[in-house]
Structures are given as structure tokens and as C-alpha cells.
There are 2 protein chains.
Amino acid sequence: MKSKITITEIAQKSGVSVSTVSRVLNNSPSVSQKKRERIQQIIDEHNYTPSVFARGMINQTTKNIGVILPDITNPYFASLFLQIESFALKNMYATLMFNTMFSRDSRRFDTHLTEEDYFKIILEKQVDGVLILGGQIDKEDIADSFIHALNQLHQHVPVVVVGSKIEGCECLFVERNLKQGVTSIVHHFIALGHDRIGFIGGEPGIRVTSSRIEAFSKAMKSLGQSVYNPYIVTSDYYAPDGYAAMIQLLDANPDRLPSAVIAHNDMVALGAIRAMKDRGVHCPEQIAIASCDQFQLSDFSIPRLTSMDQHNEYLGRMAVLQMISAINGSDETITINHSPELVIRESCGATFKSG
Amino acid sequence: MKSKITITEIAQKSGVSVSTVSRVLNNSPSVSQKKRERIQQIIDEHNYTPSVFARGMINQTTKNIGVILPDITNPYFASLFLQIESFALKNMYATLMFNTMFSRDSRRFDTHLTEEDYFKIILEKQVDGVLILGGQIDKEDIADSFIHALNQLHQHVPVVVVGSKIEGCECLFVERNLKQGVTSIVHHFIALGHDRIGFIGGEPGIRVTSSRIEAFSKAMKSLGQSVYNPYIVTSDYYAPDGYAAMIQLLDANPDRLPSAVIAHNDMVALGAIRAMKDRGVHCPEQIAIASCDQFQLSDFSIPRLTSMDQHNEYLGRMAVLQMISAINGSDETITINHSPELVIRESCGATFKSG
DNA sequence: CTGTTAGCGCGTTCAC
DNA sequence: GTGAACGCGCTAACAG
């Protein structure tokens with residue numbers, strides 16, 4: 001392994017002192033044009049880059065940020081992370097990723113680390129900030145010890161979480177508009193003439209879930225519709241969960257099926273449609289489906305999925321922006337204003353009904 | 001931001017010298033049990049962790065590895081990366097991820113960085129090793145400048161690439177068995193009585209693609225089947241590409257459709273099935289489909305996808321193992337021996353034919 | 001077994 | 001405009 005050239009050597013080769021080299025490195029104005037150019041040339045020639053170690057020792061920064069999320073295999077996190085990574089890099093920050101596998105579905109994973117263990121690891125990595133996407137932070141009742149650990153972490157580096165604000169947690173929050181999506185779908189279904197509407201998917205006890213179910217109830221009631229509890233089945237966020245939820249819903253209401261069902265996301269919707277097919281129930285003719293979170297394949301499934309485009313690109317960028325602003329010592333809170341957008345395809349039956 | 005406590009302070013609080021503290025930190029045997037315990041306790045009490053900067057300054061390591069891949073949003077890379085991240089962490093390495101967005105499909109992305117730019121960035125990050133998954137390395141004819149850059153990078157840190165060996169490239173390679181999967185599917189289709197078999201998906205000019213098409217031809221010929229070129233349509237790796245490829249295939253062979261088609265991966269298969277549906281062609285009755293790379297949703301699509309489980313978990317672990325072994329100065333090459341496994345579901349028509 | 005000392009590569013005074 | 005000298009937190013080599 002060829003070791004890197006140091007500032008001292010550059011100084012020698014340029015016939016100046018290290019401080020002068022340091023000055024051109026940091027764009028200090030007080031260097032004569034001539035010397036600057038000569039030195040810069042030698043730097044380029046030797047492909048020299050300053051040691052991050054020596055640098056970090058002085059200003060205590062790595063230009064790295066840590067991202068903690070449950071599972072990169074989940075398309076929601078993948079698309080969010082992609083935006084985060086690229087936007088961070090544009091701002092000269094690289095990204096360390098940690099999958100906590102915190103989720104009911106991933107118990108199969110042989111990891112024994114808690115999220116608090118990850119906090120410790122990430123702190124040792126001396127990142128300049130940490131971004132938290134989902135996980136325990138989304139639980140309905142969070143262990144005090146977790147909040148405590150979070151606050152403690154936040155004392156060392158800025159922590160921004162993408163999720164709803166939590167009482168007693170001092171971290172920065174970037175909130176997404178969880179409710180508007182459900183509300184739009186309810187309106188859409190009602191407009192289509194549905195009156196028996198259900199909701200499936202999402203892990204119980206998780207705020208993303210309850211928040212959507214709540215928005216569902218509220219929207220229904222505000223339109224004079226009654227909410228029928230057997231039409232609400234929670235499970236989790238993946239396709240097998242949508243499958244299980246739909247089977248349960250079908251079995252529980254054999255002679256009074258819902259006419260439309262809202263799925264927590266596209267994977268849940270796909271699973272649900274699969275379940276219906278296996279039970280000989282047609283989508284959208286017998287039960288229409290729409291999902292609150294669009295993934296990549298919505299336009300290619302059978303039937304094509306009607307879903308909400310949550311504009312995750314925007315969300316990711318905002319999170320990074322908030323992060324950088326906090327790293328730079330600002331305490332300003334960035335408010336985000338994204339409007340989920342209903343994309344009508346086939347599974348909601350809109351074209352079916354109108355045609 | 002509360003700054004971290006240093007080794008000096010720990011030493012003072014314990015009433016010993018810094019070197020003694022350093023010794024317990026590094027598990028040096030030559031410290032008396034009593035002192036060791038006392039010091040360890042103080043360390044824990046204050047939640048002290050050594051500075052990565054000062055450490056790196058001396059042994060030139062960060063305990064970070066860099067991973068360069070085209071697009072984490074692609075399920076293949078996501079599942080591979082998940083394994084890499086978790087296995088690396090188990091070995092005390094954290095993972096820096098970079099999405100190059102190198103792919104025809106991602107031109108929409110407003111990035112102007114070439115992979116060589118990434119090499120530079122990653123080198124500055126002082127990672128202990130870099131892992132390369134796909135991208136330009138997979139091209140049929142690679143620019144010499146790329147190989148050169150790769151070799152140069154490899155002079156500084158170990159570089160291991162998951163892909164087929166390349167002439168003139170000094171990096172380490174972990175190869176996956178690309179051909180066996182296609183071969184199995186051909187055998188399966190032939191056994192099912194098909195005689196007009198096609199292949200779709202994969203970007204032309206990419207070795208993953210040509211290698212599979214080659215295996216396809218070879219398997220066909222070895223079974224006495226002739227390969228009909230209009231049945232082979234390349235495009236890319238995502239659902240829209242599968243869709244386009246199938247449309248093209250259908251349009252080009254209106255009165256002599258293939259009876260079975262092999263798709264490069266599940267997304268391509270999904271797109272293809274969608275295209276068939278839109279054209280009123282039934283799967284598997286009129287055209288059976290099977291894919292070479294299984295993703296998460298194969299079991300929930302309509303029809304369920306017959307595909308190859310490539311056991312990516314294993315591949316990811318091998319790559320990390322090879323990486324760590326190289327970091328530790330070993331020049332041993334790890335050979336990997338994974339057997340892709342055919343998972344028969346509905347889209348190949350096996351159950352349809354037999355039932 | 002334990003303490004002392006000398007750097008590691010860089011940014012930052014402070015003189016010149 | 002420029003250079004010499006110091007120190008960041010730690011490990012390694014040496015001396016006791």
C-alpha cells in the first residue's frame with residue numbers, strides 16, 4: 001500500500017514552509033500569486049490530499065454523517081437514502097449507513113444490537129451528525145431509556161430524525177405529511193361512490209400506522225361516513241403482511257366485504273391483491289385498492305396501483321439541509337412543505353367505473 | 001456539542017500514566033489486574049472512547065470501508081449491500097456508501113460525477129478498503145483510463161470488486177456464477193416441452209448481460225435447440241425495460257411468438273408480464289416466464305414469478321471476507337462456490353402444464 | 001509491570 | 001507575505 005504524501009514533502013518540493021502550503025490549501029488570501037500557483041501545481045502533480053486524521057484532530061470533523069435506518073431493502077428507505085446520500089455528497093459529506101433491522105419482519109436477522117448500541121458505535125465513528133430514519137423512534141410508546149440515549153447522543157453531535165416530534169426529545173425533527181395522503185384517497189374513494197372502505201397494513205403500535213388510521217377515521221367522519229372496525233387490519237409494511245392482512249379481512253367479513261381498501265404502501269397493496277386473487281376476489285371490481293406510499297413498481301403490477309407519490313426526494317434533501325445547518329451551529333428549524341400527490345391508475349377502479 | 005473526554009483525563013482520574021490507559025485500551029497483557037479494572041471502570045463511567053483521529057494518525061486506519069455501487073434503489077444492490085454492511089460491522093468495519101448512478105436508466109439523475117471522481121473522493125476519505133459492485137467495471141469494453149484509475153486506487157487501499165475478472169486489472173475479484181442460473185432455466189423450459197425460447201433484459205454491452213445470453217445460447221445448443229435471434233431483446237435492468245423489451249419482442253414476431261421467455265431479473269419479468277397483459281397475451285399459457293435473479297416480490301406478483309435464488313447473502317459475506325483478508329495483508333484469493341437455486345412458482349407454467 | 005518521551009500531519013498562533 | 005514553533009490525542013519504543 002503506497003502511503004500518502006504529506007504536507008511537509010510538498011513544502012520541501014516547493015521550497016516553502018509547511019504553513020505556506022497550508023495557506024494555499026485553505027485558500028488563505030495572504031499568499032503571493034506566484035507561489036500559490038507553483039505550490040498548487042506540485043500538489044496536483046503528486047495527487048496530494050491532506051490527511052483527514054491530522055485535519056480532524058484540529059477541527060474535530062470528519063465530513064461524514066451517519067444514517068441509521070431499519071432496513072435498506074425496504075424501497076421506502078432506499079429511495080430516501082439515495083437522495084440523502086447524493087445530496088450530502090454534493091455538500092461534501094459522505095454517508096455511513098447502519099441497518100438496525102428493527103422491525104417485526106426482520107427478526108430472522110441474527111443481529112443482537114439494539115439501536116442504542118448503534119448510537120455508541122456511531123459516536124465512536126466521530127461523524128459530524130446523525131440522521132435517523134424510522135425504527136424505534138416511530139413507536140407509540142418509546143422506552144425512556146431510548147429517549148435518554150438519543151438526547152445524550154444529541155449532546156455530542158446534531159441528531160435529526162425524519163419523523164414526528166416527540167415529547168422530551170431534544171433532537172431536530174423533519175416531519176413528513178402522513179395524513180394528507182390518506183385523506184386524499186378517502187376523498188377519491190368516496191367520490192367514486194364507495195361506502196364500505198377499509199384500511200390495511202402498518203405495524204400496530206407504530207406512530208406512522210396510527211397516524212394514518214387516525215387520518216382515515218377523521219376523513220371518513222368528516223364526510224359523514226362511518227368507520228367499520230373489522231375493515232381495519234394492521235400487520236406490517238411488507239408484501240407478506242399485506243397478504244396476511246387481506247386474508248384476515250376477507251375471512252372476517254365473508255358476507256359483507258369492503259368495496260375499497262386503503263393500503264399502507266405499495267408492497268402491502270401488492271400482497272393484498274395477491275391474496276384477493278388467491279381467494280377469487282377481483283380487484284378493482286369487487287374491492288378497489290389504493291396505497292399511501294408509492295414505490296417503483298406501481299406502474300407495472302397487475303392491476304396497476306393507484307397510489308400517493310410522497311415526493312421522498314424532497315424529504316431527503318430537507319433532512320440533509322437541516323443536518324448541515326445544525327452542524328454549522330444554526331439552531332434554525334427547517335419546515336418542510338411537501339404535498340403528496342394522488343396518482344390514479346387501475347387498482348382504484350376509477351377508469352373501470354368511468355369506462 | 002459536548003466535546004469528548006481524552007485519554008489524558010482518564011489517566012489523571014485513575015492516577016496512572018496515559019500509556020497504562022492505552023495499554024488497557026489495546027488489551028495489552030502487561031497491566032496488573034487491579035489497575036486494569038479500576039481504569040476500565042473509569043473509562044466506562046465517563047463513556048470514554050479513543051479519538052479516531054489520533055488513532056488513525058498512527059496506524060493509518062479508519063475501520064471504514066467504502067462501497068461504490070450504481071443505485072441502492074435497485075433491489076439487487078440493496079440486498080447485497082445489506083449483507084455487506086451487517087457482516088462488515090460484525091467485523092468492526094463501518095460502511096461508507098456511494099451511488100454512482102452509472103446506468104442507462106439513471107440519466108435523469110443530475111449527477112455529473114464519473115466513477116473516477118468517486119475514486120478520488122473515496123481515497124480522501126481514507127477508507128481501509130473499497131468494494132465495487134457493478135457499474136462501469138461490468139462493461140464489455142472498459143476505458144483504459146478506468147482500469148488505470150482502478151489500479152492506482154488499488155495501490156493505496158485494497159479494492160475488491162464483485163464481478164468477473166478483468167484482464168490487466170490488479171484488484172481482487174469475487175465472482176458470481178452468472179451462467180448456471182440461465183442454464184437451469186433453459187433445462188427447466190425444455191423439460192416442460194418448450195421449443196421457442198427467448199431472452200429479454202439486461203443492458204447490451206454489459207458483461208452480466210452478454211454472459212447470460214451466451215450461457216443461454218450454449219445451453220440451448222447443447223440440448224439440440226436452435227437459438228432464434230429475434231427472440232433475444234436487450235434493454236436494461238428495470239421494469240420499464242422489461243416492458244419495452246417484451247413489446248418489441250411481441251411486435252417483431254406477430255405470428256410466431258416464443259412459448260417461453262427468460263428474463264434477466266424479476267423487475268424485467270414483471271415489466272414483461274405487464275406488457276403481455278396490455279397486449280392480451282396470457283402468461284404462462286401463451287408465453288411462460290422465468291427470471292434469473294429473484295427479488296423480494298416474486299411470490300406476490302400475478303402470476304407468481306418462477307426465478308433463481310442467487311443467494312446474495314453468501315456473495316456479500318464472501319466479498320467482505322476477501323476485503324478483510326486483504327486489509328490484513330493476506331494475498332489469498334477467496335473462491336466462492338454458490339449454487340443458484342431454481343424456485344418454481346407460476347409464471348413458468350409448470351403447475352399449469354402439470355395440472 | 002509501569003512511566004517517560006518522541007513523534008504522527010496538520011492548522012494556528014506569533015514573530016519577522 | 002512568510003516561516004518557526006506549538007499542540008491536538010494517541011501509540012510505540014525505551015527506560016526503569
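Fair warning: this is a prediction, and the values are worked out from it, not measured in the lab. Residue numbers begin at 1 in each chain, while the letters A, B, ... track the order of the sequences.
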Interatomic distance, I5(A) CD1 vs dC10(C) C1' [rounded to whole Å]: 15 Å
Taking every heavy atom of M97(A) against every heavy atom of E85(B), the minimum-distance pair comes out as O-CG, 3.4 Å
Rounded interatomic separation in angstrom, taking CD1 from I7(A) and C1' from dT12(C): 12 Å
With ring pair (Phe, Tyr, Trp, His ring centres under 6.0 Å) as the criterion, how do Y76(A) and F81(A) come out once you've worked through the C-alpha distance, each side chain's angles and the decisive distance to 0.1 Å? CA-CA 9 Å; Y76(A) 165 69; F81(A) 180 82; over 10 Å; no
Identify the two heavy atoms, one from Q126(A) and one from S51(B), that lie closest to each other, and give their separation to 0.1 Å. NE2-CA, 4.1 Å
Protein-nucleotide distance (L25(A), atom CG; dC10(C), atom P), rounded to Å: 8 Å
Considering only heavy atoms, which members of residues 30-55 of chain A lie under 4.0 Å from some atom of DNA chain D? S30(A), V31(A), S32(A), K35(A)
Classify the nucleic acid contact of V18(A) as base, sugar-phosphate or nothing, counting any heavy atom under 4.0 Å across all strands shown. nothing
Quick one, which residues of residues 56-66 of chain B touch DNA chain C with a heavy atom under 4.0 Å? M57(B), I58(B)
Please check if any side-chain donor atom of Q33(B) sits under 3.5 Å from a side-chain acceptor atom of E37(B), or the reverse. yes
Is it true that a side-chain atom of N26(B) and a backbone atom of S28(B) form a donor plus acceptor pair closer than 3.5 Å? no
In terms of the angle between their ring planes, are H338(B) and Y314(B) parallel, tilted or perpendicular, with boundaries placed at 30° and 60°? parallel
Starting at the 5' end of DNA chain C and moving along, which residue's nearest nucleotide shows up first, T6(A) or G15(B)? G15(B)
Interatomic distance, R23(A) CZ vs dC10(C) P [rounded to whole Å]: 15 Å
So does S19(A) reach the base of dA4(D) with its side chain, donor to acceptor, closer than 3.5 Å? yes
Value rounded to 0.5 Å, distance of CD in E124(A) from NZ in K4(B): 7.0 Å
To the nearest angstrom, the CG-C1' distance between N27(B) and dC10(D) comes to 16 Å
Is D128(A) reaching over with its side chain to a backbone N or O of T62(A), donor-acceptor style, under 3.5 angstrom? yes
Check C171(B) against N151(B) and note the closest heavy-atom contact, atom names and distance. N-OD1, 4.3 Å
